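Input: a single structure, listed below in structure tokens.
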Amino acid sequence: MQNFTFVNPTRILFGKDVIGKLAAEAAKAGKKALLVYGGGSIKKNGVYNALTAALAANGVAVTEHAGVKPNPVLSHTREGIKKALAEGCDLIVAAGGGSVIDEAKAIAAGTKYNGDVWDFFSGKPAPREALPLFTVLTLPATGSEMNSGCVITNEATRQKYSTQSPVLFPKVSALDPETTLTLPRPQIAYGAVDALAHIIEGYFTTKDRDVEITDEVVHALARAIVASTERILKDPADYNARASMMWSATLALNGLATCGYGGTNFINHAIEHALSAIYDIAHGAGLAIVMPAWFKHHLATEGPARLEKFGHAVFGTSSAEETIAAFEAFFRRAGAPVRLAEAAIPADAIPEIAANAMGLIRMWGMKHEQPEIEKILRNAV
Ligand code: NZQ
Ligand code: ZN
């Protein structure tokens, strides 16, 4: 087990009716908020009304920045920064999924930066200052509500890149499982795939394979994600399954699930970001295609040990091949694509996808070359 530092400063308000409490916390940070949200799901499920009423009751005035798209883009982020500056906002409130929270993080940092926000994503120093951010999560998937990362797509260059900084941790996040009752079925599947992807990246690329506690945290989260998702698919109104899924996805990428691994590698994510940068598919859909392909490569290059251990603990399988099949079967049952063609991505685009992924692979300091990435992607044909 390697040395580590674990810090997570985000305060979590979890359960029914926590939006009012979030507004009270936000009011302590300022009186003028930029309210960031997406294409309108929060207006259909009551989150918008509850949040704006609670902010008003706590004396917080709101400027709206709506229309964040899934796979949030740089141009819309820049508009948000302009708006926050013009209105003199002193805090940001984000309500939605990972895309909304990520764009809100970029706006929070960009508003405090004397330069172009894309600098943070393209290799220049990470943000050192940001407006305080408060989030209402409505889609369990990315963990953005309790981590310090964010992902933005530069739509002009088709680069889907990330930045990370301690100043990007949300101050407070409200996780009310009832807000997820309106999720469309594909988003339930993609969220489950993404949360699983977050824990498998560390588990399978750890520099130290003797960290029993973290391995068991990963097994427990994976079992909870799979079991909760199966329950939600059977009965979308199952509150406890929604709650379990929501907390599992948050814990999957808040730093807990890699403690002691001594360094990990986000290779599935680097490849997926190329798919969603080029084809604008959902992040979880891209991961469901990449992960089985990468597992086959992992088995060929690293051997069966990790796949056997994970599969035995999570799926009750007894070989590496059965574990890969169990992942695929779960993704399919949930409704995610598992081959490139199932997302209408042609096999002859593999060199272009791999070349795009190499940008992020270099940025993240990973040691992979394009032929290897092409080989992995060919496993997804
Ligand atoms: O835009 P609205 O109308 O809100 O609709 C959204 C969107 O269409 C909808 N939705 C969200 N909550 C809903 C709902 N619909 C009905 N009821 C609800 N309760 O779902 C759609 C997808 O939302 P999005 O935010 O795009 O999904 P997700 O949470 O999966 O976020 C994906 C983005 O996060 C990035 C991904 O790359 C992608 O850009 N990631 C961020 C990470 C981070 N910051 O740590 C890590 C991840 O690995 C990931 O890269
Ligand atoms: Zn992810």
Side-chain angles (χ1 to χ4, degrees), residues 10 35-48 65-74 76-77 94-106 121 133 135-155 159-165 168-170 173 175-202 232 236 242 245-246 249-250 252-255 257 266-277 280-288 290-291 336 360 364:
T10 302
L35 174 60
V36 182
Y37 60 96
S41 70
I42 64 163
K43 292 202 168 161
K44 293 189 198 127
N45 61 13
V47 168
Y48 176 88
H65 181 59
V68 174
K69 62 177 284 306
N71 300 320
V73 292
L74 180 59
H76 196 258
T77 305
S99 295
V100 166
I101 297 175
D102 280 5
E103 183 166 319
K105 286 179 177 177
F121 298 84
L133 171 65
T135 85
V136 177
L137 179 70
T138 65
L139 197 177
T142 66
S144 190
E145 66 280 4
M146 200 183 184
N147 71 37
S148 59
C150 79
V151 183
I152 295 290
T153 298
N154 183 332
E155 65 271 46
Q159 290 166 307
K160 186 179 184 186
Y161 285 4
S162 65
T163 189
Q164 194 161 18
S165 160
L168 296 179
F169 278 108
S173 286
L175 278 58
D176 178 345
E178 288 189 321
T179 66
T180 69
L181 291 170
T182 51
L183 278 170
R185 195 187 150 113
Q187 297 300 336
I188 295 169
Y190 304 154
V193 174
D194 191 24
L196 275 178
H198 295 155
I199 49 180
I200 71 97
E201 296 274 31
I232 292 165
R242 296 281 187 176
M245 180 59 207
M246 200 168 209
T250 300
L253 196 60
N254 78 342
F266 251 50
I267 179 64
N268 288 275
H269 275 72
I271 300 173
E272 193 300 304
H273 284 198
L275 290 180
S276 46
D280 202 16
I281 59 171
H283 176 58
L287 286 168
V290 173
M291 279 162 66
L360 201 49
W364 286 349

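When a ligand or atom number is given, it counts from 1 through the structure's own listing order. Quick caveat: nothing in here was measured; it's all calculated off a predicted structure. Along the sequence shown, residues are numbered consecutively beginning with 1. For the numbers below, each heavy atom of this structure counts, side chains included, while hydrogens, waters and symmetry mates do not.
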Considering H283, E201, K44, which one's heavy-atom position lies nearest to atom 36 (C) of ligand 1?
H283

So which of P186, G143, G98 gets nearest to atom 28 (P) of ligand 1, if we judge by its closest heavy atom?
G98

For V136, is there any backbone N or O sitting under 3.5 Å from a side-chain donor or acceptor partner on E145?
no

For T179, the atoms of ligand 1 under 4.0 Å from one of its heavy atoms are 19 (N)

Using a strict 4.0 Å cut-off to heavy atoms of H269, name the atoms of ligand 1 that fall inside it.
48 (O)

Any chance you could measure R185, atom CZ, to I232, atom CD1, to the nearest 0.5 Å?
11.0 Å

Give the atom name of whichever N/O/S atom in D194 sits closest to the Zn ion (ligand 2).
OD1

To the nearest 0.5 angstrom, please state how far the CD1 atom of I101 sits from the OG atom of S173.
6.0 Å

Location of contacts on N45 toward ligand 1, heavy atoms closer than 4.0 Å
side chain

Approximate separation, where rounding is to 0.5 Å, of T153 OG1 and K69 NZ
7.0 Å

Hey, what do you get for CD (Q164) to CG (N147), rounding to the nearest 0.5 Å?
7.0 Å

Tell me whether the rings of W364 and F266 are parallel (<30°), tilted (30 to 60°) or perpendicular (>60°).
perpendicular

With nothing but distance in play, are any N or O atoms of V151 less than 3.5 Å from an N or O of ligand 1?
no

Going by the atom numbers of ligand 1, which of them fall below 4.0 Å from some non-hydrogen atom of L253?
45 (O), 46 (C)

Using modelled atom types and a 3.5 Å cut-off, is there a donor and acceptor pairing between side-chain atoms of N71 and backbone atoms of I281?
yes

Can a non-hydrogen atom of E272 be found less than 4.0 Å from any atom of ligand 1?
no

G149: numbered ligand 1 atoms lying under 4.0 Å from its heavy atoms
44 (N)

Are any of the heavy atoms in K160 under 4.0 Å away from ligand 1?
yes

What is the nearest protein non-hydrogen atom to atom 50 (O) of ligand 1, stated with its residue, atom name and distance?
H273 NE2, 3.2 Å

Shortest protein contact, atom 27 (O) of ligand 1 (heavy atom only):
L139 CD1, 3.3 Å

Stepwise, does the side chain to side chain contact (heavy atoms under 4.5 Å, CB included) test hold for T179 with M246?
CA-CA 10 Å; T179 66; M246 200 168 209; 4.1 Å; yes

N or O contact, P184 vs ligand 1, cut-off under 3.5 Å
no

G40 heavy atom under 4.0 Å from ligand 1:
yes

Polar atom proximity, P70 to ligand 1 (N or O, under 3.5 Å)
no

Can you list the ligand 1 atoms lying under 4.0 Å from a non-hydrogen atom of P72?
39 (O)

Can you check whether L74's main-chain N or O pairs, donor with acceptor, with N154's side chain at less than 3.5 Å?
no

So is there a nitrogen or oxygen of K105 less than 3.5 Å from a nitrogen or oxygen in ligand 1?
no

Protein residue, atom and distance nearest to atom 13 (C) of ligand 1, heavy-atom basis
L183 CD2, 3.4 Å

What atom name does the N, O or S atom of H198 nearest to the Zn ion (ligand 2) carry?
NE2

Contact check, D194 vs ligand 1, heavy-atom distance below 4.0 Å
yes

Under 3.5 Å side-chain donor-acceptor pair for E272 and S276:
yes

d(L360 CG, F121 CZ) to nearest 0.5 Å is 12.0 Å

Among all protein heavy atoms, pick out the one at the shortest distance from atom 1 (O) of ligand 1; state its residue, atom name and that distance to 0.1 Å.
G39 N, 2.7 Å

Indicate, as side chain, backbone, both or neither, the part of N147 found under 4.0 angstrom from ligand 1 when only non-hydrogen atoms are considered.
side chain

So, applying side chain to side chain contact (heavy atoms under 4.5 Å, CB included) with P140, which one of T180, L175, D194 is it?
T180

What protein heavy atom sits nearest atom 33 (C) of ligand 1, and how far away is it?
S99 OG, 3.4 Å

The closest protein heavy-atom partner of atom 35 (C) of ligand 1 is D102 OD2, 3.6 Å

Proximal ligand 1 atoms for G38, defined as those under 4.0 Å from one of its heavy atoms
1 (O)

If you scan protein heavy atoms around atom 42 (C) of ligand 1, the nearest is T142 CB, 3.8 Å

Can you list the atoms of ligand 1 that are under 4.0 Å from a heavy atom of T182?
16 (C), 17 (N), 18 (C), 19 (N)

Gap between atom CD of E201 and atom CG of N268 - 0.5 Å precision:
4.0 Å

Between H283 and H269, what is the ring plane arrangement, given parallel below 30°, perpendicular above 60°, and tilted in between?
tilted

Among all protein non-hydrogen atoms, which one is nearest to atom 22 (C) of ligand 1, and what is the separation to 0.1 Å?
Q187 OE1, 3.5 Å

Closer than 4.0 angstrom: is that true for some heavy atom of A197 and an atom of ligand 1?
no

Heavy-atom contact under 4.0 Å between H198 and ligand 1?
yes

What about T180: any of its N or O atoms under 3.5 Å from an N or O on ligand 1?
no

Using modelled atom types only, decide if a donor and an acceptor are shared between the side chain of T142 and the backbone of S144 within a distance under 3.5 Å.
yes

